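A short worksheet on the structure shown next.
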Amino acid sequence: FDTTESPSGDAFVTLISDNGSKLIYSTFLGGNSLEESLGIALSDNESIYITGWTDSEDFPTKKVEFGNNGTESFHTIWTHKTGVLTAKRM
């Protein structure tokens with residue numbers, strides 16, 4: 001996914017092995033403006049659920065719609081084993 005941080009700041013996801021000795025993966029999540037992740041959870045099937053907010057018009061979603069002030073919340077599901085990212089703006 002995103003390998004460089006936006007100058008404004010991005011959310012990020014990092015998975016470290018159970019004993020903390022190995023980096024499994026790490027990626028930024030965001031667009032051309034500011035993002036902040038507010039919650040993250042790992043499901044039993046190792047899908048990662050990320051919530052937060054974004055000011056980016058190019059946040060990685062299929063349909064981009066902004067509210068009146070430009071800031072929107074997001075809910076993202078990332079299945080790292082298959083590389084599938086599903087993001088929804090709310």
Side-chain angles (χ1 to χ4, degrees):
F1 294 105
D2 192 354
T3 59
T4 57
E5 182 180 12
S6 164
S8 300
D10 283 335
F12 71 93
V13 177
T14 300
L15 180 64
I16 301 171
S17 63
D18 289 341
N19 66 7
S21 66
K22 183 178 176 185
L23 175 68
I24 308 298
Y25 60 81
S26 187
T27 187
F28 293 108
L29 175 62
N32 62 0
S33 193
L34 182 61
E35 282 77 33
E36 182 177 0
S37 59
L38 300 174
I40 188 166
L42 182 65
S43 70
D44 290 339
N45 70 353
E46 295 189 19
S47 290
I48 302 156
Y49 293 79
I50 308 143
T51 60
W53 60 267
T54 180
D55 279 336
S56 296
E57 293 180 12
D58 65 343
F59 187 83
T61 61
K62 292 182 180 178
K63 184 177 181 183
V64 177
E65 295 178 1
F66 275 91
N68 294 334
N69 64 1
T71 300
E72 289 195 356
S73 60
F74 65 82
H75 175 242
T76 303
I77 304 168
W78 181 31
T79 307
H80 74 92
K81 288 183 177 180
T82 61
V84 175
L85 175 73
T86 306
K88 180 179 180 183
R89 297 174 101 98
M90 296 181 254

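Since this is a predicted model, take the numbers as computed values, not measurements.
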Asn19: what forms a side chain to side chain donor-acceptor pair (under 3.5 Å) with it, not counting sequence neighbours?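 Testing Asn19 for side chain to side chain donor-acceptor pair (under 3.5 Å), a comparison that skips the adjacent residues, returns Ser17, Ser21.
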
Of Thr54, Asp10, Ile50, which meets side chain to side chain contact (heavy atoms under 4.5 Å, CB included) against Leu29?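 Only one of Thr54, Asp10, Ile50 forms a side chain to side chain contact (heavy atoms under 4.5 Å, CB included) with Leu29, namely Ile50.
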
Give a yes or no answer on whether the side chain of Ser33 reaches the backbone of Ser56 with a donor-acceptor pair at less than 3.5 Å.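 Not confirmed, Ser33 side chain does not pair with Ser56 backbone.
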
Check for me, please, whether Leu38 and Leu34 land in the same ILVMFWY cluster - side-chain distances under 4.5 Å, paths through other members count.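 Yes, because Leu38 and Leu34 connect within a single hydrophobic cluster, where side-chain heavy atoms sit under 4.5 Å apart.
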
Hydrophobic clusters here meaning ILVMFWY residues chained together by side-chain heavy-atom distances under 4.5 Å, can you tell me if Ile16 and Val13 are in one?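 No, no single cluster joins them.
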
Which residues satisfy the side chain to side chain contact (heavy atoms under 4.5 Å, CB included) test with Ser43, sequence neighbours excluded?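 For Ser43 the side chain to side chain contact (heavy atoms under 4.5 Å, CB included) partners, ignoring immediate neighbours, are Asn45, Ser47, Tyr49.
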
Separation between OG1 of Thr51 and CD1 of Ile40, rounded to the nearest 0.5 Å: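 If we round to the nearest 0.5 Å, Thr51:OG1 and Ile40:CD1 are 9.0 Å apart.
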
